[in-house]
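Heads up, the thing below is written out as structure tokens.
Worth saying up front: this structure is predicted, and the values here are computed from it rather than measured. Each chain gets a letter, A, B and so on, in the order its sequence line appears, and its residues count up from 1.
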Amino acid sequence: MSQTTVVSDRSPVFSSARLPRWAPAVIAVASVVLSIGISLAAGWESRVQWGLIAALLFVIGTYAVTARIEGPRQAKDRVATSLVWVCFILAVVPLLSLAWTTISNGAQVVDGYFLSHSMNGVLNSDPGGGVYHALLGTIEQVLIATVIAAPIGLLTAVYLVEYGKGALARAVTFFVDVMTGIPSIVAGLFVLSFWILILGFSFSGFAGSMALAILMMPVVVRSTEEMLKLVPNELREASLALGVPKWKTIMKIVIPTAIGGITTGVMLAVARITGETAPVLLLVFGSKIINNNPFEGAQSSLPLYVYQEYAIGTEQSIDRAWGAALTLIAFVMILNLVARGIARWKAPKTGR
Amino acid sequence: MKLQRNRLRALSLGAVAVTGALVLTACGSDDNSADGNDSGKTDSAAPSNIKCEDAKGQLLASGSSAQDNAMQAWVKAFQEACSGVEINYSPDGSGAGITKWLQGTTAFAGSDSALDEAETADSKKVCKTGQGINLPMVGGPVAIGYNLSGVDNLVLDADTIAKIFDSKIKKWNDPAIAKLNPGVKLPATEIQAFHRSDESGTTQNLGKYLQAAAPKSWKYEPDKAWAAEGGQSASGSSGVASQVKNTDGAIGYFELSYAKSNNIPAVKVETGASQPVEATTDTASAGIAAAKVVGTGKDLSLELDYNTKADGAYPIILVTYEIVCDKGNKADALPTIKSFLNYTASEEGQKILSDAGYAPLPDEIATKVREIVPTLA
Amino acid sequence: MNTTTTQSPPPPPTDRIEPSSSQKTVVRPGDRIFSGLSKGSGIALLAIMAAIATFLAYRAALALSENKANFLTYEEWLPQNTPPMFGIATLAFGTVVSSVIAMVLAVPVAIGIALFISHYAPRKLAAPLAYLVDLLAAVPSIVYGLWGALILVPHLDGLNKWLDEYLGWTYIFDKSGTGPARSLFTVGILLAIMILPIITNVTREVFLQVPRMHEEAALALGATRWETIRMSVLPFARSGIISASMLGLGRALGETMAVATVLSSNFIISGHLLDPGGGTFAQNIASKFKEATPLGQDALIASGLVLFVITLLVNGAARYIIGRRKEYSGANA
């Protein structure tokens with residue numbers, strides 16, 4: 001925590017007095033102790049507040065001490081350093097708290113039973129039950145969404161990078177941008193009115209998938225576009241010069257070169273839509289029962305499950321909500337890690 | 001060459017991912033979730049005489065969250081008795097239930113208020129040969145739950161309730177409250193009045209009660225959306241209940257079942273009867289018994305008497321209807337609807353209600369419902 | 001590390017190979033099919049977008065033609081009344097206020113973290129940290145909502161009390177009751193936490209692109225580390241930081257579930273930010289939509305359209321700034 005390595009040879013004034021390396025640590029400890037003291041004395045209970053006071057004291061303390069010993073320029077530098085540290089710690093606290101509460105609350109619930117059973121016949125105030133039906137629903141919906149969105153997104157990106165010129169390409173680029181800005185609930189509304197109300201299909205996992213696909217497409221286009229642009233032109237030229245048709249050049253040279261990045265992009269998009277609640281809320285109806293068929297009948301999904309169990313609000317259901325939240329995070333994280341693994345493993349070999 | 005291999009590798013990776021997902025889909029399929037062995041301590045209905053008849057397949061329904069707990073219990077018992085039937089009741093709220101049902105996406109709707117004229121007219125589109133009818137199925141007291149440390153026996157009357165929810169009374173030790181609770185030491189805590197942020201029949205019923213019983217203090221038209229000023233909101237009865245449970249000085253309204261499942265004490269209401277009435281399933285049944293059937297034909301919509309002064313009759317009540325077509329229900333869903341509603345209206349079905357904090361229908365009304373359900377077509 | 005989101009690494013030369021059309025070569029059927037396919041999917045995308053836009057506009061128009069109140073300035077949301085009256089004033093206020101709070105809190109902190117990772121953290125810590133921030137950006141918003149409602153809200157009671165007591169005179173922090181902290185202020189904090197990873201992520205990438213030479217030159221002149229950052233890193237990264245913030249803002253504006261779980265919503269515009277109440281576009285749609293009458297749904301869609309336009313403007317601005325930066329720093333790419 002403590003060693004803010006101030007590389008000493010950066011100091012222009014070689015003879016100036018310097019704080020010992022342990023000084024920041026001492027100031028930090030002192031300000032924490034002081035803040036606890038103040039808070040206890042004033043009877044404040046919030047830990048958040050204690051943290052804020054400690055952070056403030058630390059910054060002030062550092063400035064005062066350094067200005068005294070090392071001079072104002074160094075003092076400013078120190079303050080900046082401690083501010084950066086404070087920022088970091090400030091941000092880490094809630095994020096760690098989020099991770100910690102989800103893991104610790106969720107871990108008490110998640111087990112083999114929880115992952116392999118549905119909520120069929122479990123009353124709101126009953127303990128037990130599981131997320132299998134929701135997990136299954138999420139996987140199926142996301143898979144279908146990917147099957148719809150990935151090819152369209154990929155081909156659109158290919159069009160933009162390899163073929164696109166003129167008004168159409170500009171329009172597509174613009175509307176891809178517009179699409180990234182669609183609030184997810186609006187995509188849900190669209191599918192609801194179009195697919196269910198106008199065309200008269202019933203609620204299903206597939207309806208949810210379509211909304212997710214709408215949200216996924218622009219993300220895939222964007223990331224694929226970036227990746228295709230990274231493919232050096234020399235490769236294309238070499239291939240074309242050998243008389244290879246353009247489509248074959250794209251299929252056999254351009255895409256394979258960028259495949260790592262493209263896969264990563266697609267998987268990150270998948271991870272993003274996995275956590276979408278709002279459109280799913282409107283479209284899959286929700287169910288307590290396992291439904292293997294995403295094309296017919298009500299399904300559930302993990303984010304929806306978290307929301308519903310939270311809304312029920314009994315102790316048992318809140319427990320289940322945490323369990324499902326942990327399952328959801330784990331699922332998204334695994335996707336992310338795999339995506340990043342692929343990215344590292346096959347970083348585009350562009351020579352850049 | 002190298003590129004080729006890369007692509008193959010990527011493809012195989014994708015293939016592995018897909019097959020992995022498929023394997024998970026196929027193998028984990030543990031449908032024995034109804035193995036209540038683990039969790040079935042609650043009212044596992046004894047060997048039932050539920051008549052499944054031709055019930056089969058999946059039935060979608062949605063609507064009032066007020067009857068959610070009752071519906072869960074019914075569905076559980078029904079599904080245990082009739083294998084191959086799946087009933088999905090989604091507690092979206094009465095309005096949502098009616099909207100979805102009118103759109104033809106669900107088999108029946110649960111609602112805290114009967115169809116109004118426009119909705120009944122609309123329903124002719126869905127029912128084709130018939131129209132929508134309201135079948136009262138669950139009654140329940142709307143409990144005024146509170147959370148006030150040190151106080152576990154609180155009496156209020158319609159007037160104070162109205163003023164509290166209208167932010168006219170702001171402290172728990174207000175003289176108006178103190179007058180109704182002689183001998184109770186009321187803290188000076190601020191009142192946190194919670195209402196529903198979504199539209200709800202529960203809100204509407206509370207509004208009707210306040211309008212009927214405290215017309216001077218409650219000037220708002222009863223509506224599904226909250227009309228009064230101030231206060232805090234939460235989504236759904238469950239949301240209000242959990243906020244009340246977690247906030248000192250809070251008061252809110254929700255069905256008694258939510259008060260029970262969250263261990264929230266409920267206000268006793270001073271109605272003018274010989275003593276203040278507690279919210280229980282019995283007192284609510286007594287309150288509902290004063291209702292008149294105003295529906296015509298097969299429609300059994302009720303008019304509740306919120307101003308009752310009868311001893312032991314709790315005035316803040318709501319009745320949840322199941323809304324179906326009298327004729328022209330979807331052919332594939334009809335047997336399941338009939339069989340399920342038959343069960344819920346039966347003595348057996350009504351019996352499990354009081355365990356869940358609901359009031360069984362008075363015999364007179366229940367009998368009428370039982371007569372009508374078999375005639376649905 | 002690529003972050004699929006929208007920031008762009010300075011693109012490599014994008015000049016395309018002109019298809020050899022000028023030489024009138026044979027057009028192979030494979031080529032035609034493939035280009036047709038890719039063009040087709042581009043058009044499909046446009047069609048979807050057009051369909052959504054038409055649908056939104058159509059239903060919004062339905063609602064607006066029935067509306068008896070001024071859509072922009074009316075504060076209540078009563079589409080179910082008999083002359084239907086609804087307006088977005090409260091929603092716009094809540095959306096803007098919560099997002100502004102989120103930005104004020106998140107942007108400086110995000111810059112701090114980004115600096116920390118790129119310039120201050122011990123080497124060994126930096127890489128895993130960057131990785132961690134990336135992962136946090138992927139945590140689903142419903143989980144933030146759950147955490148916010150069950151953990152953050154109770155923990156903010158103390159802070160609220162403190163703000164009320166010592167800063168109550170500022171009007172903004174005057175809290176009129178002791179209710180739980182389910183206020184716009186809390187929503188702002190939660191949104192700040194949510195967008196922190198995104199802004200940090202993009203900002204960090206921008207910092208890493210600062211030409212090494214600039215920094216070394218500053219250091220060689222005897223600047224302290226802070227002076228180096230202020231003189232060479234921040235100016236270079238300014239537009240990048242702005243566009244990163246815009247991206248974060250875009251997400252904050254459209255956030256639905258996290259707000260819906262935390263906020264105690266109502267339709268009162270109040271400058272007392274600590275008081276429970278207020279609402280945002282997305283939250284209002286999510287919590288009202290299910291129960292709404294057909295007209296009510298149209299009204300919500302109309303508000304969705306407004307949100308859509310706002311988000312579009314913000315994203316467009318971000319894009320514009322990034323685009324300008326490309327030209328400006330083209331030499332460094």
Once rounded to the nearest 0.5 Å, what's the spacing between atom [atom1] of [X] and atom [atom2] of [Y]?
X	Y	atom1	atom2	answer
C:Leu312	A:Met179	CG	CE	13.0 Å
A:Phe88	C:Leu115	CZ	CG	13.0 Å
A:Leu95	C:Leu135	CG	CG	11.5 Å
A:Leu268	C:Asp134	CG	CG	8.5 Å
C:Leu146	A:Ile318	CG	CD1	6.5 Å

For a 4.5 angstrom cut-off between non-hydrogen side-chain atoms, does [X] reach [Y]?
X	Y	result
A:Ile214	C:Ile48	yes
A:Thr101	C:Trp147	yes
C:Ile193	A:Leu98	no
C:Tyr120	A:Thr81	yes
A:Asp77	C:Glu227	no
C:Asp31	A:Lys248	no

Exercise. Would you please go through residues 35-45 of chain C and name the residues with a non-hydrogen atom below 4.5 Å from one of chain A, in numerical order?
Key: C:Ser35, C:Leu37, C:Ser38, C:Lys39, C:Ser41, C:Gly42, C:Ile43, C:Leu45
Exercise. Go through the structure and list residues passing ring pair (Phe, Tyr, Trp, His ring centres under 6.0 Å) with C:Phe289, not counting sequence neighbours.
Key: none
Quiz prompt | Proximity breakdown for C:Ile52 and chain A, heavy-atom pairs closer than 4.5 Å | solution = both
Self-check item: side chain to side chain contact (heavy atoms under 4.5 Å, CB included) between A:Asn105 and C:Leu150, worked out
Solution: CA-CA 11 Å; A:Asn105 286 325; C:Leu150 297 174; over 6 Å; no
Exercise. Classify the angle between the aromatic ring planes of A:Trp85 and C:Phe116 as parallel (below 30°), tilted (30 to 60°) or perpendicular (above 60°).
Key: perpendicular
Self-check item: chain A interface, residue from C:Pro140, C:Ala220, C:Pro197 that has the most non-hydrogen pairs under 4.5 Å
Solution: C:Pro140
